[in-house]
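Here is the structure we will look at, set down as structure tokens.
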Amino acid sequence: MYARKMPAIVAVPLMAIAMAIGAGVPPPALGGIVVDGASALSKFYVAVIFGALLGRVTLDTGIARALVNLAAEYGGESPFAFALVLCAIVAVLFTSLNGLGAIIMVGSIVLPIMMTTGVPRTTAATLFLMAFALGFIFNIANWTFYTTFFGVTEQQLVRYAVVLAGIDALALIGYAIFAFARERAYAGWAAPSADADRGSGAAKGRGVPWWSLVTPMLPIVLYYVFHVDATPAFAISAIYGVLVTRPRAAIPTLVASAIRGVEDVAPAIVLFMGIGMLLVAMKEPQFAAALQPLVASNWIRNPIAYVAVFGLLSPLVLYRGPLNPFGVGIAIFTALLASHAVPPLVLVAAVMAVVQVQNVCDPTNTQNVWVANFTGVPIVTITTRTLPVQVAVAVAATIAVVVATQPLLGVRAFASLVPPALAQSVLPGMDAPRSAAYRVAVGDDGTPLGRTAADAIVAALRAGSTLQPFRFTGDPNAADCERKPYAAYVRTETSTFALIEGIDFDVGLVLEDCGGWIVDEWHDHEIVAQPNDAEARLLARQGAQRLLAWSALVAPRSTNLFARGVAFAPGDPPTYFYTLFKSDDGNMRAYVRAGGPAYAAGLRSGDIVEKLDGEAWWEYGTYQTQLRAYDGKPHSFEIVRNGATLEVQLGTPFTGFAADAAQ
């Protein structure tokens, strides 16, 4: 692909097979990679095809020409202002248009008008591509790829997309100011006017009603405002476009547009079949193990590395390179996605940033080749002129992500941006208030012997330590620790079991932190003829001594527990303080420490987990699903709570307090 000796539509599927073989995937699984991969992104293919249908309807009915002519009519005598107006029209059109056919049709109309009104040809070529890339930020078919491949929702991306578009628009305007100051000569253009006329097809010279001009914007409204899926949004808009422009020829126009639209996007569909094969291959355990060194260090969570790789090094997206999501880079992004090192939204943001370089600057893009040939501008000139500007866009976009991850994407991804000393302010309910330090609440199970045992535990802890135990019955997991009167909770449980020798009487102590997270437990039992208060007090005192012995044995952990309400010790791995378990009804449920990172992200004890990282949990298996609760990765969940389906995205894990880091 670098040498342009093999097209991406051939190289990418071959890469999927070659990399799978290199990783050690057994030969019988290779067929499944090809077959399953070819349809893995089928939802995206359909959206692309229907988007191409709308693009052809917009072009062949004369709607696109009418929009450009309208801009030309009111463009005024300033080439600079007029060029920006045309750029705005192009950007709006490409929020819904797709494929080389759309580039040719729109470019055949816009570029001659630009150049014959005084816009230098190099400036016209580069501004057209930059305007295309600006509109493509919101392209619905493109977003279907993001939501399908990365398992995110369009609502989660909107705020970042708006910021990225703002950065891109400012860059376009700044570039236009510089370009017009540099080249003041009038343009001459390299294609005969008949080519432009031919580009408009049957719609040449045909007037369209003013209400048809909303057709390119209609799918945007349906998708973003009314949350209509991309495919029906395109279909409704295409039908509207033909009915208001060619009602008597609606069916032939739709059929012709559908056929020509498929021709326009056929290369993209074949390319995404190859990308799907890479996606399926990456799910093979051998593939994941082979790429583990790439993501093992979690470098992507370092904000400086994130900006350096996806911003400063964004030129690696050129020539289908290692950051190009439509080339070699799909393997890199798939590996990072599979590692769960950062939330998928943060990866999508990186993809959207580097794509701004690829869409404008890549000499291997079909749109770049056509624009260069049409305007007579060397393709390398387009790259050298636009690359600094688009790299600046990528750098600014990645900086925006690391600085404002939470406001833009609703997640926390870069733990190093939050110093340990700020842990309490970031998670205000994580640790107990200072007034609760060394106060231990002791509850009981509601039985007479349980109450007797709890009273004995209070007395034993008060006499044998500096702890301040007191009787309290409640559920530490019901609320976070911000206003708790205790730093730790001891739940006292009693049970009996009949044996031939007598009754086995057990007194258990379950030690929990202030958020209801179980730290440890101890049980003492004795075979008696009949349990009584004296035996309950004896076993309870033994349990209290076990607790105190544990406290001395693991001093750093117990100190944090009793002083701050969190049993965390230096060297512990990052944690979100939640666990997953399969309940008797067959559901996978969560148990979440109140006030912890998972709790702050929106996960609650008792939530039913339907999907984990976009996949049904049973596709991973019970054990593999439960194991993910302890890997310290920012997983995403689709949960059911009180009959409502919700989405939860974990942010930054808990890594300890400032005092821990200093030890």
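Atom set for the values below is all heavy atoms of this structure, side chains included, hydrogens, waters and symmetry mates excluded.
- Gln545 contributes no side-chain N or O that, together with a main-chain N or O of Gln542, makes up a donor-acceptor pair within less than 3.5 Å.
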- Task: For Val566 and Leu561, run side-chain contact (heavy atoms from CB on, under 4.5 Å): C-alpha distance rounded to whole Å, both residues' side-chain angles, the deciding distance at 0.1 Å, then the answer.
- Result: CA-CA 4 Å; Val566 184; Leu561 171 64; over 6 Å; no
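- A 4.5 Å side-chain heavy-atom check between Ile608 and Met588 finds every atom pair outside the cut-off.
- If you take CH2 on Trp522 and CG on Leu509, they are separated by 7.5 Å, rounding to the nearest 0.5 Å.
- One finds the CD atom of Gln624 at 9.5 Å from the CD atom of Gln626 (value rounded to the nearest 0.5 Å).
- Atom NZ of Lys611 is separated from atom CD of Glu615 by 8.0 Å, given to the nearest 0.5 angstrom.
- Counting only N and O atoms by type, the side chains of Thr494 and Asp445 include a donor and acceptor under 3.5 Å apart.
- Judged purely by atom type and a 3.5 angstrom limit, Thr622 has no side-chain atom pairing as donor or acceptor with the backbone of Trp618.
- Between the side chain of Tyr306 and the backbone N or O of Ala350 there is at least one donor-acceptor pair closer than 3.5 Å.
- Minimum heavy-atom separation, Phe310 to Leu336: CZ-CD1, 4.2 Å.
- At a threshold of 4.5 Å between non-hydrogen side-chain atoms, the residues Cys514 and Asp431 do not count as touching.
- Heavy atoms from other residues, nucleotides or ligands lying under 6.0 Å from CD1 of Ile304 number 12 at most.
- Applying the salt bridge (Lys or Arg N to Asp or Glu O under 4.0 Å) rule to pairs touching residues 593-608 yields Asp513-Arg593, Asp607-Arg641, sequence neighbours excluded.
- A donor-acceptor pair shorter than 3.5 Å cannot be found between the side chains of Asp444 and Thr492.
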- Message: Under the criterion side-chain contact (heavy atoms from CB on, under 4.5 Å), I'd like the reasoning laid out for Leu650 against Phe637: C-alpha separation, chi angles, the key distance, then a yes or no.
- Response: CA-CA 8 Å; Leu650 298 183; Phe637 298 87; 3.9 Å; yes
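- The two residues His523 and Gly508 have their closest heavy-atom pair at ND1-CA, 3.4 Å.
- Nearest heavy-atom pair across Tyr438 and Thr466 is CB-O, 4.5 Å.
- Side-chain contact between Pro531 and Ile503 is present, with at least one heavy-atom pair separated by less than 4.5 Å.
- Taking 4.5 Å as the limit, every side-chain heavy atom of Arg564 sits out of range of all side-chain heavy atoms of Cys481.
- Residues Asn477 and Asp475 have side chains that never bring a donor and an acceptor to within less than 3.5 angstrom of each other.
- For the 3.5 Å distance criterion, the side chains of Asn142 and Tyr146 qualify, holding a donor opposite an acceptor.
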- Task: Quick one: do Asn587 and Lys582 satisfy side-chain contact (heavy atoms from CB on, under 4.5 Å)? Show the steps, please.
- Result: CA-CA 6 Å; Asn587 287 314; Lys582 195 172 181 180; over 6 Å; no
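- Salt bridge status for Asp480 with Lys484: absent, with no side-chain N to carboxylate O gap under 4.0 Å.
- Residues Pro433 and Arg483 fail the side-chain proximity criterion, which asks for heavy atoms closer than 4.5 Å.
- The one candidate from His635, Glu638, Lys633 that meets the side chain to side chain contact (heavy atoms under 4.5 Å, CB included) condition with Asp613 is His635.
- Ring planes of Tyr486 and Tyr489: tilted class, angle from 30 to 60°.
- With a 4.5 Å cut-off on side-chain heavy atoms, Phe505 and Phe497 do not count as touching.
- For Tyr599 and Ser605, the side-chain atoms include no donor-acceptor pair closer than 3.5 Å.
- The shortest non-hydrogen separation linking Thr398 to Ala353 is CG2-CB, 4.1 Å.
- Listed here is the closest heavy atom pair of Leu548 and Gly464: CD1-O, 3.8 Å.
- Using modelled atom types, one side-chain atom of Thr625 and one backbone atom of Gly621 make a donor-acceptor pair closer than 3.5 Å.
- Between atom CZ of residue Phe562 and atom CZ of residue Arg557 there is a gap of 12.5 Å, rounded to the nearest 0.5 Å.
- The two residues Ala536 and Val507 come nearest to each other via the heavy atoms O-CG2, 4.3 Å.
- In this structure, Trp143 and Leu157 have side chains that are in contact, with non-hydrogen atoms separated by less than 4.5 Å.
- In terms of modelled atom types and a separation under 3.5 Å, the side chain of Asp572 and the main chain of Ala569 share a donor-acceptor contact.
- Between the Gln649 side chain and the Pro634 main chain, a donor and an acceptor come within less than 3.5 Å of each other.
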- Check step by step if side-chain contact (heavy atoms from CB on, under 4.5 Å) holds for Phe581 and Tyr591. CA-CA 8 Å; Phe581 65 96; Tyr591 184 82; 4.1 Å; yes
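- Side chain of Tyr160 to backbone of Ala349: a donor-acceptor contact under 3.5 angstrom is found.
- A distance of 12.0 Å separates CG in Leu461 from CD in Gln468, rounded to the nearest 0.5 Å.
- Asn642 CG: 12 or fewer foreign heavy atoms inside a 6.0 Å radius.
- With a 4.5 Å cut-off on side-chain heavy atoms, Phe577 and Pro653 do not count as touching.
- For the atom pair CD (Glu521) and CG (Leu511), the distance works out to 10.0 Å, reported to the nearest 0.5 Å.
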